[in-house]
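What follows is a short report on a single structure.
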Amino acid sequence: METEGMSWAVFWEDEGMPNPSYNLTRAFVYVFHYRTSLIVGNSGNIPGYGPKNFNKLMFRLAKYYFPDWIGFDKNRCSYNPELASRILRIHKVSKWQLDKLLDES
């Protein structure tokens with residue numbers, strides 16, 4: 001699992017997205033972000049990336065057009081307390097590092 005820089009969304013190496021920050025159609029970042037919110041559930045609030053309804057719409061459209069994509073596997077699109085905890089820790093550390101960097105500037 002990796003984190004996409006600007007959206008804070010997570011993706012897996014085997015999903016066929018070599019470098020989401022540069023090569024990914026920006027619409028799929030919304031799909032990743034919505035999926036991340038499904039994984040995290042109500043256990044934490046991940047930083048926003050676009051309107052939630054838009055993210056959900058992009059997720060549904062992508063699922064309609066690419067139903068067999070491994071990224072839509074049930075294990076990757078539903079609440080997972082262990083994975084949610086890991087994602088939230090990554091976000092917390094990243095935010096702390098960014099804040100520290102900005103404070104030093």
Side-chain angles (χ1 to χ4, degrees):
M1 180 188 76
E2 296 184 40
T3 303
E4 197 281 325
M6 297 301 291
S7 72
W8 300 90
V10 297
F11 65 98
W12 281 261
E13 238 179 60
D14 65 350
E15 292 179 340
M17 306 296 175
N19 190 340
S21 295
Y22 302 107
N23 299 327
L24 180 66
T25 303
R26 295 315 296 171
F28 247 87
V29 173
Y30 296 99
V31 173
F32 286 150
H33 192 273
Y34 184 76
R35 182 181 65 182
T36 302
S37 71
L38 294 175
I39 295 168
V40 173
N42 293 329
S43 63
N45 192 11
I46 59 172
Y49 191 79
K52 186 173 183 174
N53 290 337
F54 183 74
N55 294 348
K56 188 175 186 176
L57 174 64
M58 290 293 102
F59 181 85
R60 286 183 175 176
L61 283 172
K63 195 168 184 176
Y64 177 80
Y65 285 105
F66 309 105
D68 298 328
W69 179 54
I70 193 168
F72 292 127
D73 184 74
K74 187 176 181 177
N75 294 331
R76 295 184 188 191
C77 295
S78 54
Y79 175 65
N80 180 325
E82 184 179 320
L83 195 51
S85 176
R86 183 174 170 203
I87 291 168
L88 293 173
R89 282 193 317 270
I90 290 169
H91 289 178
K92 186 175 181 177
V93 170
S94 297
K95 184 180 180 332
W96 177 81
Q97 288 174 336
L98 181 61
D99 289 345
K100 184 179 175 187
L101 179 69
L102 293 175
D103 285 344
E104 291 175 358
S105 298

Interatomic distance, [X] atom [atom1] to [Y] atom [atom2] [nearest 0.5 angstrom]:
{"X": "N53", "Y": "K56", "atom1": "CG", "atom2": "NZ", "answer": "7.0 Å"}
{"X": "I90", "Y": "K92", "atom1": "CD1", "atom2": "NZ", "answer": "13.5 Å"}
{"X": "R35", "Y": "F72", "atom1": "CZ", "atom2": "CZ", "answer": "8.0 Å"}
{"X": "D73", "Y": "D68", "atom1": "CG", "atom2": "CG", "answer": "11.5 Å"}

So, for [X] and [Y], which heavy atoms are closest and what is the spacing to 0.1 Å?
{"X": "I39", "Y": "Y79", "result": "O-CD1, 3.2 Å"}
{"X": "A9", "Y": "T36", "result": "CA-OG1, 3.4 Å"}
{"X": "C77", "Y": "G71", "result": "SG-O, 3.3 Å"}

Discussion item. Checking side-chain contact (heavy atoms from CB on, under 4.5 Å) between K95 and each of D99, L98, V93, which is the one that passes?
Written reply: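 Going through the options one by one, the only one that passes is D99.
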Worksheet item: Do F54 and Y34 have their ring centres less than 6.0 Å from each other?
Response: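 No; Y34 has its ring centre 6.0 Å or more from that of F54.
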Below 4.5 Å, heavy atoms only, C-beta onward: do [X] and [Y] meet side chain to side chain?
{"X": "Q97", "Y": "K100", "result": "no"}
{"X": "Y30", "Y": "L61", "result": "no"}
{"X": "I87", "Y": "H91", "result": "yes"}

Worksheet item: Do W96 and L88 sit in the same hydrophobic cluster, where Ile, Leu, Val, Met, Phe, Trp and Tyr count as joined when their side-chain heavy atoms come under 4.5 Å apart?
Response: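 As far as the 4.5 Å side-chain criterion goes, L88 and W96 are not connected within one cluster.
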Practice prompt. Begin with the C-alpha distance, continue with both residues' side-chain angles, and end with the deciding distance and a verdict on side chain to side chain contact (heavy atoms under 4.5 Å, CB included) for I70 and W12.
Written response: CA-CA 9 Å; I70 193 168; W12 281 261; over 6 Å; no
Worksheet item: Should the heavy atoms of other residues, nucleotides or ligands under 6.0 Å from CG of D14 be counted, would the total exceed 12?
Response: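 Yes.
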Worksheet item: Do the ring planes of W69 and F32 sit parallel (below 30°), tilted (30 to 60°) or perpendicular (above 60°)?
Response: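 Taking F32 first and then W69, their aromatic rings sit tilted (interplane angle of 30° to 60°).
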